[in-house]
Amino acid sequence: MPFLEFKNVGYSYISGEDDYIRALDSVSFSVERGEFVALVGCNGSGKSTLARLCNGLIAPDDGRVTVDGDDTSDKSKLHGIRKKIGVVFQNPDNQMVTTVVEDDVAFGPENLGLPPAEIRERVDLALKSVGMSEYAKSGPFRLSGGQKQRVAIAGVLAIKPELMILDEATGMLDPSGRREVMDVVKKLNREENMAVVMITHFMEEAAVADRIIILDKGRVAADGGRELFEDTALFDRVGLELPVYVRVAQKLKEKGLDIGCPLDITSFVENTASAFGGKGRGV
């Protein structure tokens with residue numbers, strides 16, 4: 001049984017008097033335990049609506065969303081569902097609720113009614129997991145954007161979810177901050193086997209995932225592995241830019257140097273060096 005499953009899910013917003021905007025339409029997909037899924041799409045494609053449906057912040061108009069077999073439309077199941085799914089949003093400042101980092105991380109476990117000793121243990125482990133232990137007594141608003149988002153992730157980790165959803169969690173960060181957050185997310189997925197659904201408009205981030213789901217106008221346009229990045233026509237059709245290394249590789253191929261479809265700087269350098277070695281200086 002999939003851990004998270006959408007079955008023919010639809011959702012509409014009310015805009016003005018009796019005016020409905022269809023945000024999602026017949027969306028179906030599933031996420032297994034330990035899986036790393038990137039969800040991408042242009043503005044207005046339905047990504048954030050989908051994130052809010054995952055843990056019952058909103059309920060679908062039609063279809064079903066289930067978490068570990070429990071229906072998110074069943075209000076009696078919501079408390080358990082929200083212990084299993086943690087959400088990190090775009091603006092870390094909006095997620096800070098106290099004036100001390102460790103108190104902020106403790107906020108979730110306290111709301112679960114856990115004993116103080118267990119809360120202390122969870123806070124310490126969560127801060128250690130994101131590399132922020134030395135800032136436990138600091139004020140959150142003195143931190144950099146990347147550090148704040150790592151604290152927000154620690155706050156989610158402290159409730160020990162089985163799935164973390166990042167809703168454009170790096171969207172307001174500079175490149176350094178984005179790298180900080182991505183390093184933490186990759187570590188949690190690979191070392192802790194935490195499932196991740198990462199909603200992003202940075203294709204280089206999506207390339208890290210095991211699987212990519214592309215939304216277009218509220219529907220699933222594609223669902224597959226990294227081979228999707230080789231489909232230029234698909235990305236053009238949905239209005240997304242390919243990762244920079246893929247675009248450079250395509251330009252090189254047009255010039256007669258085929259280095260495949262590298263999705264990170266290491267693969268790009270290795271493939272380019274190998275191709276030059278095979279082709280010689282005449283390319």
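Here, residue 1 is the first one in the sequence, and each next residue gets the next number.
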If you take all heavy atoms of [X] and [Y], which pair is closest and at what distance?
{"X": "P60", "Y": "L53", "result": "N-CD2, 3.4 Å"}
{"X": "A209", "Y": "V37", "result": "CB-C, 4.1 Å"}
{"X": "T232", "Y": "Q250", "result": "OG1-NE2, 2.7 Å"}
{"X": "M96", "Y": "K148", "result": "CE-O, 3.2 Å"}
{"X": "I199", "Y": "I165", "result": "CD1-CG2, 4.4 Å"}
{"X": "Q149", "Y": "Q90", "result": "NE2-O, 3.3 Å"}

Sidechain-backbone polar pair: [X] side chain, [Y] backbone, donor-acceptor under 3.5 Å:
{"X": "D216", "Y": "A221", "result": "no"}
{"X": "D25", "Y": "G218", "result": "no"}
{"X": "D70", "Y": "T66", "result": "no"}
{"X": "R226", "Y": "V208", "result": "yes"}
{"X": "R211", "Y": "V31", "result": "no"}

Distance from [X] atom [atom1] to [Y] atom [atom2], nearest 0.5 Å?
{"X": "I21", "Y": "S12", "atom1": "CD1", "atom2": "OG", "answer": "9.0 Å"}
{"X": "Q95", "Y": "D93", "atom1": "CD", "atom2": "CG", "answer": "9.0 Å"}
{"X": "L166", "Y": "I153", "atom1": "CG", "atom2": "CD1", "answer": "5.5 Å"}
{"X": "R122", "Y": "K160", "atom1": "CZ", "atom2": "NZ", "answer": "5.0 Å"}
{"X": "S30", "Y": "M1", "atom1": "OG", "atom2": "CE", "answer": "11.5 Å"}
{"X": "L252", "Y": "T272", "atom1": "CG", "atom2": "OG1", "answer": "6.0 Å"}

Checking side-chain contact (heavy atoms from CB on, under 4.5 Å) for the pair I212/V40: CA distance, chi angles, key distance, verdict? CA-CA 7 Å; I212 300 95; V40 301; 4.0 Å; yes
Taking the basic N atoms (NZ, or NE/NH1/NH2) and the acidic carboxylate oxygens, is any pair closer than 4.0 Å for [X] and [Y]?
{"X": "R22", "Y": "D62", "value": "yes"}
{"X": "E241", "Y": "R247", "value": "yes"}
{"X": "D71", "Y": "K77", "value": "no"}
{"X": "R178", "Y": "E204", "value": "no"}
{"X": "D174", "Y": "R179", "value": "no"}

So does [X] have more than 12 non-hydrogen atoms from other groups sitting under 6.0 Å from [atom1]?
{"X": "K7", "atom1": "NZ", "value": "no"}
{"X": "N43", "atom1": "CG", "value": "no"}
{"X": "K186", "atom1": "NZ", "value": "yes"}

Test side-chain contact (heavy atoms from CB on, under 4.5 Å) on T99 and F141; report intermediate values, then the result. CA-CA 8 Å; T99 58; F141 299 103; 5.7 Å; no
Would you say [X] and [Y] make side-chain contact, with heavy atoms under 4.5 Å?
{"X": "E121", "Y": "L114", "value": "no"}
{"X": "P109", "Y": "I159", "value": "yes"}
{"X": "M198", "Y": "L39", "value": "no"}
{"X": "F6", "Y": "R64", "value": "no"}
{"X": "P161", "Y": "I85", "value": "no"}
{"X": "V220", "Y": "I214", "value": "no"}
{"X": "Y11", "Y": "V27", "value": "no"}
{"X": "R120", "Y": "V123", "value": "yes"}

Regarding S48 and E168, is there a side-chain donor-to-acceptor distance under 3.5 Å anywhere? no
Polar side chain donor-acceptor pair, E205 to T170, under 3.5 angstrom: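 Yes.
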With clusters defined by side-chain heavy atoms of hydrophobic residues (ILVMFWY) lying less than 4.5 Å apart, directly or transitively, does [Y] cluster with [X]?
{"X": "L215", "Y": "Y13", "answer": "yes"}
{"X": "L173", "Y": "V101", "answer": "yes"}
{"X": "F229", "Y": "L234", "answer": "yes"}
{"X": "V184", "Y": "M172", "answer": "no"}
{"X": "F89", "Y": "V156", "answer": "no"}

Go through it in stages, so that I can follow the logic: the residues are I259 and K253, the test is side-chain contact (heavy atoms from CB on, under 4.5 Å), and I'd like the CA-CA distance, side-chain angles, deciding distance and then a yes or no. CA-CA 7 Å; I259 64 169; K253 188 173 183 179; over 6 Å; no
For V67 and T72, run side-chain contact (heavy atoms from CB on, under 4.5 Å): C-alpha distance rounded to whole Å, both residues' side-chain angles, the deciding distance at 0.1 Å, then the answer. CA-CA 7 Å; V67 175; T72 61; 4.0 Å; yes
